[in-house]
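Order of listing sets the numbers, starting from 1, for every ligand and every atom in it. Values below: every heavy atom of this structure, side chains too, minus hydrogens, waters and symmetry copies. All residue numbers refer to positions in the sequence shown, counting from 1.
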Amino acid sequence: MKRRKFIKTAGIASAGSALAATGLATPAIAKDRVEIAMVATWPRDFPGLGTGAQRMAKRIADMSDGRIQIEYFAAGERVGAFDSFDEVASGNAQAYHAADYYWKGKHPGWAYFTSVPFGLTYTEMNAWIRFGGGQQLWDELAGSFGIKAVMAGSTGVQMGGWFNKEINSADDLKGLKMRIPGLGGDVMAKLGASPVSLPGGQIYENLVSGAIDATEWVGPWNDGFMKFYEAAKYYYFPGMHEPGSMLSFGMNASFWSKLSKNDQTILESAASMENDVMMSEYNAKNGAALASLIKDQGVQLREFNDEIYDSFGTAANEVFEEVRAHSPLANKIHESFIKSRSEVGAWANIADVAYLRQRNRVLGL
Ligand code: CA
């Protein structure tokens, strides 16, 4: 053992001497410049989603002292928002910042890696992805499309959406044309609504023109910026469809596999930090934004009642059965997600939920 260690150490010393002798201080590969074209599904400078993606790109350049350069393209600047996936899977661009549920038409498993109805909150999602087998399943799904994706932001619990009438039962959803992507849209379809998936930058014009009757987007900070209140006054909570939407930094898998461990760690760490920073920003700004919407814009805040939530639950179960029947991988993702939801959710009930209920009751919050 000792001898082997000696040989190894001696080997390093001799290699070091050789490098010193030839003047090569460090292996050339560690100095390789890396260029990344990064497309996104968000409008440029859009608060939270867009600024978060742009902040992450800058962080990557900073962390590598400028060695890794990212040229960032907001939605429509290089390809349309929903073409981001093909742009990266094909290798035309190296990376995207997006919500992976936009790709559910390619495989329903993608929905789980943003958010699904009755899904996971931010803290629960982090637990599943990092310690519940979520990342491994994400790798398996994404890998089959030539993508490697990591966590890169979260909006937290989203609002239920904007309606131009009160929604008191599932009957009130019938015939409603609503912008709501992901499996949440499928739940709405089960209840008789017509879901459409539109990128953020196209929602306002469709709502104002009457092409859609209702929309969900994110939460008070983002929705107020979009001025949806000009066309719909009833603002419902909580959204069953996106309880903790995780954003994703998706990279071309072949590009990713050729990077050094050092560069992979920089990219992953910068994205993971954005996952945290973006959530902090939403939590910091949503409360004041909601108060302003109510006070300054006359927005009518409404809570979905138990009856409609029960209808959402029944419809969601039907949607999940269809997802499970899609393929063995879809079923495997669903079962892993359900297991984490049961374990982490039960703990949250004892910890976060119970504590917040008592704290806010005592303080009158
Ligand atoms: Ca949304």
Could you check whether the rings of Phe85 and Trp103 sit parallel, tilted or perpendicular, using 30° and 60° as the cut-offs? tilted

If I take every N, O or S atom of Gln158, is at least one of them less than 3.0 Å from the Ca ion (ligand 1)? yes

Do you see an N/O/S atom of Trp217, backbone or side chain, under 3.0 Å from the Ca ion (ligand 1)? yes

Less than 4.5 Å apart, side chain to side chain, heavy atoms only: is that true for Phe237 and Val157? no

Other residues, nucleotides, ligands: >12 heavy atoms within 6.0 Å of Asp306 CG: no

Rounding to 10°, state the angle centred on the Ca ion (ligand 1) that links OE2 in Glu242 with OE1 in Glu216. 90°

Atom of Phe73, atom of Ala37 and distance for their closest heavy-atom approach: CE1-CB, 4.0 Å

